[in-house]
Amino acid sequence: MLPPFSVVIPCFNEEARIGETLRVTLDYLAANASEGELIVVNDGSTDATGEIARKILAETKIATRLLENFPNRGKGAAVRSGLLVAREPIGLFSDADLSTPLLETPKLIEPIAHGEIDIAFGSRALDRSLIGIHQPWRREQAGRIFNLLVRVATGLPFWDTQCGFKAFRLNVCRPIIEAAGIDGFAFDVELLYLAHRAGLRIQEIPVRWNHAEGSKVRFFHDSLGMLREVIALRARL
């Protein structure tokens with residue numbers, strides 16, 4: 001069994017898979033951390049995401065909460081709002097597509113619970129043999145270039161800041177989460193950058209990962225937006 005922790009799942013127009021995602025997550029918590037909680041953040045969905053989530057959360061004995069952001073504010077805002085209401089000492093957020101299987105959760109939770117680190121985050125770059133289904137070639141190469149630019153712009157020593165699987169020791173990370181302001185997809189970089197500057201203990205951990213269709217990241221538009229956010233972050237701080 002794992003120590004109690006909070007799982008935050010941000011979602012935007014995920015009616016096609018949110019039902020299965022929540023069932024898998026609740027089953028995992030019931031089997032491995034029954035005293036934990038699941039926090040779903042519906043980020044202004046215009047489909048049936050919220051309705052499906054409410055129905056499933058009402059049927060479980062696991063502690064749950066559904067937050068509703070209206071209108072859509074962005075993934076960064078959704079993740080922050082979920083982490084800030086978490087009641088457990090450790091908060092983990094996962095993408096709604098569960099690209100990183102929940103079986104990888106102990107890799108992040110256990111070193112935090114043992115007092116070794118403050119932030120643990122999944123990485124596809126440290127051991128690419130763990131990638132089962134790859135992204136399309138162009139998207140994968142763009143991700144590598146983006147992370148290289150992040151290293152140059154911020155000085156962060158990490159190789160994959162964008163994997164949607166991160167865990168936080170919330171008593172020390174809460175001020176960082178509260179201070180963060182990027183609502184878009186570069187929010188991961190901001191959190192890691194602020195934590196690194198604050199001297200928190202951060203570890204990048206190789207995890208299994210599979211590409212899932214239906215990503216909300218628009219290849220060219222959002223990549224350029226993320227770069228602008230990272231440059232603005234470096235200039236601001």
Side-chain angles (χ1 to χ4, degrees), residues 1-12 14 17-43 49-50 52-69 75-123 163-178 180 187-188 191 195 200-205 207-209 212:
M1 296 292 288
L2 293 170
F5 64 98
S6 300
V7 181
V8 175
I9 298 181
C11 48
F12 172 63
E14 294 283 3
R17 59 185 164 204
I18 194 62
E20 179 65 14
T21 291
L22 297 186
R23 292 186 188 96
V24 168
T25 304
L26 289 168
D27 286 347
Y28 183 85
L29 286 173
N32 297 280
S34 58
E35 298 302 312
E37 66 173 341
L38 171 60
I39 301 168
V40 181
V41 187
N42 180 21
D43 189 27
T49 295
I52 295 169
R54 277 190 291 273
K55 182 178 185 300
I56 293 173
L57 298 185
E59 297 171 349
T60 181
K61 295 180 180 180
I62 299 293
T64 64
R65 192 178 309 191
L66 175 63
L67 305 183
E68 303 270 10
N69 284 354
K75 184 179 177 183
V79 169
R80 287 198 306 274
S81 63
L83 290 174
L84 288 174
V85 302
R87 63 175 175 83
E88 299 299 341
I90 300 173
L92 176 144
F93 83 80
S94 170
D95 285 344
D97 59 13
L98 297 182
S99 290
T100 299
L102 290 174
L103 291 175
E104 300 292 271
T105 299
K107 293 182 179 180
L108 274 59
I109 298 297
E110 289 178 347
I112 296 178
H114 294 157
E116 300 166 7
I117 53 177
D118 302 310
I119 298 175
F121 66 99
S123 174
C163 181
F165 199 64
K166 294 179 172 66
F168 304 82
R169 183 190 308 278
L170 290 175
N171 65 333
V172 297
C173 292
R174 193 171 299 273
I176 299 297
I177 298 168
E178 291 174 340
F187 78 96
D188 310 67
L191 288 176
L200 300 188
R201 298 167 298 169
I202 309 171
Q203 186 174 354
E204 182 176 12
I205 297 171
V207 294
R208 297 187 183 279
W209 190 87

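Scope of the values below: all heavy atoms of this structure, side chains included, with no hydrogens, waters or symmetry mates. FYI, the numbering just counts along the sequence from 1.
- One finds the CG atom of Leu29 at 5.0 Å from the CZ atom of Phe5 (value rounded to the nearest 0.5 Å).
- Residues that satisfy the side chain to side chain contact (heavy atoms under 4.5 Å, CB included) test with Gln203, not counting sequence neighbours, are Ile117, Ile205.
- Within the structure, the salt bridge (Lys or Arg N to Asp or Glu O under 4.0 Å) test picks out the following pairs touching residues 52-63 (sequence neighbours left out): Arg54-Glu68, Lys55-Glu59.
- For Val40 against Ala53, the heavy-atom pair with the smallest separation is CG1-CB, 4.4 Å.
- Separation of atoms CG (Leu98) and CD1 (Ile9) is listed at 6.0 Å; rounding is to 0.5 Å.
- Annotation: the span from Leu26 atom CG to Thr60 atom OG1 amounts to 4.5 Å, rounded to 0.5 Å.
- Between the OG1 atom in Thr49 and the CD1 atom in Ile18 there is a gap of 6.5 Å [rounded to 0.5 Å].
- The environment of CD in Glu35 is sparse: at most 12 heavy-atom neighbours from other residues, nucleotides or ligands sit within 6.0 Å.
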Cys173/Ile119 under side chain to side chain contact (heavy atoms under 4.5 Å, CB included): CA gap, chis, key distance, verdict: CA-CA 8 Å; Cys173 292; Ile119 298 175; 3.5 Å; yes

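- For Glu204, the salt bridge (Lys or Arg N to Asp or Glu O under 4.0 Å) criterion is met by no residue, not counting sequence neighbours.
- Partners of Arg201 according to the side-chain hydrogen bond (donor to acceptor under 3.5 Å, both in side chains) rule, which considers only residues two or more places apart in sequence or in another chain, are Asp118.
- Taking each heavy atom of Val41 and Ser81 in turn, the nearest pair found is CG1-OG, 3.7 Å.
- Remark: Leu103 engages Tyr28 in a side chain to side chain contact (heavy atoms under 4.5 Å, CB included) (not counting sequence neighbours).
- Here the two rings, on Phe93 and Phe187, have centers that are under 6.0 Å apart.
- Under a 4.0 Å N-O distance rule, the pair Arg17/Glu20 does not qualify as a salt bridge.
- Between Ile62 and Ser34, the shortest heavy-atom distance links the atoms CD1-O, 3.7 Å.
- Every residue meeting the side chain to side chain contact (heavy atoms under 4.5 Å, CB included) condition with Ala63, not counting sequence neighbours, appears here in chain and number order: Glu37, Arg87.
- Here the side chain of Arg169 pairs a donor or acceptor atom with the backbone of Ile112 at under 3.5 angstrom.
- Of the charged side-chain nitrogens involved, none lies within less than 4.0 Å of a carboxylate oxygen, so that Lys75 and Asp43 do not count as a salt-bridged pair.
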Thr21/Glu14 under side chain to side chain contact (heavy atoms under 4.5 Å, CB included): CA gap, chis, key distance, verdict: CA-CA 10 Å; Thr21 291; Glu14 294 283 3; over 6 Å; no

